[in-house]
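As structure tokens, the structure follows; a few thoughts come after it.
Just so it is clear: chains get the letters A, B, ... in the order the sequence lines come, proteins before strands, and each one is counted from 1. Keep in mind that what you see is a predicted model, and the values were worked out from it rather than measured.
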2 protein chains.
Amino acid sequence: MASDRPPRPATQSDVAREVGVSRTLVSFAFRGAPGVSDETKQAIFAAAKRLGYRPNAVAADLARKHRSAVGLYLLDIRNEIYADILSGVRTALSQEPNRLILSVSRSVDGEDRGAVESLIEARVGIIIAATLLDPDEAVHEMAASVPLVSVTRPVAGVDSVYSDDSFGARAAVEHLLTLGHTRIAHLAGPAHDGHVVRRRSYEQAMRRAGLVPQTLCADDFTQESGHRAAARLLGQADRPTAIFCHNDQLALGTREAAYAMGLSIPRDLSLIGYDNSRTAGLHGIDLTSVDLHAARLGEAAGQIALERLRNPEAPAADRRFTPRLVVRSSTARPA
Amino acid sequence: MASDRPPRPATQSDVAREVGVSRTLVSFAFRGAPGVSDETKQAIFAAAKRLGYRPNAVAADLARKHRSAVGLYLLDIRNEIYADILSGVRTALSQEPNRLILSVSRSVDGEDRGAVESLIEARVGIIIAATLLDPDEAVHEMAASVPLVSVTRPVAGVDSVYSDDSFGARAAVEHLLTLGHTRIAHLAGPAHDGHVVRRRSYEQAMRRAGLVPQTLCADDFTQESGHRAAARLLGQADRPTAIFCHNDQLALGTREAAYAMGLSIPRDLSLIGYDNSRTAGLHGIDLTSVDLHAARLGEAAGQIALERLRNPEAPAADRRFTPRLVVRSSTARPA
DNA sequence: TTGAAAGCGCTAACAC
DNA sequence: GTGTTAGCGCTTTCAA
């Protein structure tokens with residue numbers, strides 16, 4: 001109800017006046033700083049409650065010299081790995097008092113400086129960014145304004161926490177090769193800096209096996225784009241017997257496209273995704289996928305962020321995790 | 001690189017000094033306010049760029065009288081409907097300059113005042129909350145500190161945007177009744193205020209049909225909880241032939257539990273979810289589900305928030321949408 | 001243990 | 001079109 005809301009929210013001064021102490025003490029009391037007697041504290045909290053006082057984080061942030069808030073940028077809220085990364089970051093920060101400010105990209109198809117800018121303007125002390133699609137120079141530019149931890153993508157000279165995409169992609173392709181596939185296509189996302197590792201690794205593995213790589217780029221990383229792109233790929237005369245997709249969403253889209261064309265998985269088409277999302281493991285989906293341990297990446301990123309806040313001059317961290325191929329029944333020998 | 005970062009970020013004053021004008025003009029220029037000559041504007045932007053100036057949103061927020069930021073609280077980042085709600089809210093706000101501040105609950109199992117508090121402390125002008133699990137009084141308390149729009153849950157006297165859960169649940173149960181089921185169980189989430197509508201509606205529909213309702217509450221709204229609860233339910237001697245779940249995640253967990261016990265869907269068990277998430281529509285999942293049009297709820301909530309900001313005294317909005325049962329192949333006549 | 005006072009970087013009257 | 005000025009609510013020395 002709008003009507004019974006006070007016109008002006010209570011401030012520290014109001015509480016101080018009510019109790020008959022100075023603002024300083026109220027400030028100390030609320031931050032749990034030492035030097036306030038227990039009685040005073042009680043009186044302050046009681047008065048605060050009476051007045052409906054809420055600390056103003058905006059004002060506190062402004063007054064504080066040291067910026068300790070952590071900004072977290074997430075590329076795609078519909079992709080589970082970002083939820084996992086968020087959990088991981090929270091785990092890492094849970095013991096610390098740092099505030100976490102979230103920023104989710106509004107474009108699924110590429111660079112979104114706006115979302116990161118808003119974090120910079122919110123004056124966070126450090127930004128954890130998962131996943132940056134911007135060109136390397138742009139990332140360096142951002143990192144010049146505020147410390148940055150890049151998650152899922154290594155950037156030279158910038159704190160980076162990522163999974164070995166080269167290893168993951170190779171494992172996927174080799175799995176298909178071992179099964180006897182030769183017409184293996186790759187469904188990539190749009191080609192952004194730092195997002196071509198899986199693709200390059202796929203292409204290398206193919207060439208090393210004496211095969212011709214065929215890469216198709218989807219418009220973005222969503223299931224819908226995957227569906228569209230896969231429809232093209234599968235409509236070809238000499239269609240591939242296996243497709244390795246940049247992520248699970250593209251793979252799920254591919255799967256729908258295949259079924260829509262009357263193809264069966266894995267009989268007519270073997271399929272591999274990347275992320276090992278919950279959906280991939282569902283009965284009836286059983287999608288072979290590469291697990292990049294997103295929650296662990298997030299946790300590591302959170303720890304690195306805290307260290308960076310403590311020590312701005314330390315050399316850039318570079319933490320690489322090894323992914324794991326999870327084989328399910330979406331892959332089999334070619335017919 | 002940490003080393004080439006300036007110790008103190010540039011401020012409006014720095015830019016003003018560099019250009020040789022007053023801070024006011026810099027402020028006006030950056031906000032696009034009228035009254036700054038084009039030349040001056042150019043000079044200001046050039047200087048800002050040179051100095052690496054970034055507006056400080058924290059300071060701006062503090063100085064501004066009128067709070068226009070919109071805070072969005074999301075209960076569960078892993079549930080697609082919240083991503084849909086976010087999209088909808090963004091659509092509604094896209095024409096307006098209001099900043100959107102996100103807050104995601106850290107507990108999936110219940111009330112999370114902390115996440116809402118942080119929004120209050122961030123001094124947002126209004127909070128859009130999806131979904132509040134707190135008791136009614138608690139919601140009223142929050143709404144006393146800051147205008148609130150409750151999404152997916154109607155709260156008397158508070159702006160509410162929701163879907164007709166009673167209708168949705170009835171449609172689900174009636175679908176199962178029509179198919180000939182009599183042992184229909186309901187898998188609910190934990191019983192929170194405002195989250196018993198689907199359950200009550202289920203129970204009513206059952207009684208009306210002369211049947212005995214059997215409701216089981218999962219620990220929270222996740223797939224894992226659904227799995228656990230369903231395992232109990234399906235382990236019974238006289239197990240149900242159909243289960244209507246509070247949401248898709250619980251339904252997917254139920255599905256896994258069923259398959260793990262060697263049951264087949266829909267042959268041995270008919271299953272209905274709620275949310276009509278993307279996963280529900282995948283080939284091989286084909287989950288019958290109730291679509292509550294989350295994106296539309298989000299958009300309506302965004303619009304209502306903007307109106308409330310303009311007119312604090314207007315009577316509380318109450319916008320109810322009608323859901324739609326989407327029948328797929330997870331439901332069939334009992335064996 | 002407490003208080004006074006000087007900002008933090010910006011906005012928004014208001015005056016020129 | 002441009003400048004002056006008084007805060008916004010809080011933190012944080014520094015003194016008492």
With side chain to side chain contact (heavy atoms under 4.5 Å, CB included) as the test, would you mind laying out the steps for R153(B) and V139(B) before giving the verdict? CA-CA 11 Å; R153(B) 163 176 177 194; V139(B) 175; 4.0 Å; yes
Hey, what do you get for CD (Q12(B)) to CZ (R17(B)), rounding to the nearest 0.5 Å? 12.0 Å
[X] [atom1] to [N] [atom2]: how many Å, rounded?
| X | N | atom1 | atom2 | value |
| --- | --- | --- | --- | --- |
| K65(A) | dT13(D) | NZ | P | 10 Å |
| L62(B) | dG7(C) | CG | P | 17 Å |
| N56(A) | dG7(D) | CG | C1' | 14 Å |
| R64(B) | dG7(D) | CZ | C1' | 15 Å |
| H66(A) | dC8(C) | NE2 | P | 18 Å |
| R99(B) | dT11(C) | CZ | C1' | 14 Å |
| L51(A) | dG9(D) | CG | P | 14 Å |
| R54(A) | dC8(D) | CZ | C1' | 19 Å |

Whether T152(B) side chain and A130(B) backbone form a donor-acceptor pair below 3.5 Å: no
Mind running salt bridge (Lys or Arg N to Asp or Glu O under 4.0 Å) on R319(B) and D159(B) for me, showing each step along the way? CA-CA 8 Å; R319(B) 188 91 129 268; D159(B) 288 326; over 6 Å; no
Under 3.5 Å, is there a donor-acceptor pair linking the side chains of R23(B) and S27(B)? no
side-chain hydrogen bond (donor to acceptor under 3.5 Å, both in side chains), that's the test. Do Y82(A) and T131(A) meet it? Break it down for me. CA-CA 9 Å; Y82(A) 295 104; T131(A) 303; 2.5 Å; yes
Got a list of protein N/O to nucleotides 2-6 of chain C N/O distances below 3.5 Å?
{"unit_1": "dT2(C)", "atom_1": "OP1", "unit_2": "T40(A)", "atom_2": "OG1", "d": "3.1"}
{"unit_1": "dT2(C)", "atom_1": "OP2", "unit_2": "S37(A)", "atom_2": "N", "d": "3.2"}
{"unit_1": "dT2(C)", "atom_1": "OP2", "unit_2": "S37(A)", "atom_2": "OG", "d": "3.4"}
{"unit_1": "dT2(C)", "atom_1": "OP2", "unit_2": "T40(A)", "atom_2": "OG1", "d": "3.3"}
{"unit_1": "dG3(C)", "atom_1": "OP2", "unit_2": "S22(A)", "atom_2": "N", "d": "2.9"}
{"unit_1": "dG3(C)", "atom_1": "OP2", "unit_2": "S22(A)", "atom_2": "OG", "d": "3.4"}
{"unit_1": "dA4(C)", "atom_1": "N6", "unit_2": "T24(A)", "atom_2": "OG1", "d": "3.0"}

Give one of base, sugar-phosphate or nothing for F30(B), where a contact means two heavy atoms less than 4.0 Å apart. nothing
Heavy-atom nearest pair, D14(B) first then T11(B), reads OD2-N, 2.8 Å
Check the orientation of F45(B) and F30(B). Use parallel for under 30°, tilted for 30 to 60°, and perpendicular for over 60°. perpendicular
Over its full length, what angle do the end axes of the helix from dT1(C)-dA16(D) to dC16(C)-dG1(D) make, each axis taken from five pairs and the result rounded to 10 degrees? 30°
5' priority, DNA chain D, between R31(A) and R67(B) [closest heavy atom]: R67(B)
Consider salt bridge (Lys or Arg N to Asp or Glu O under 4.0 Å). Of R99(A), R67(A), R123(A), which one does D61(A) pass it with? R99(A)
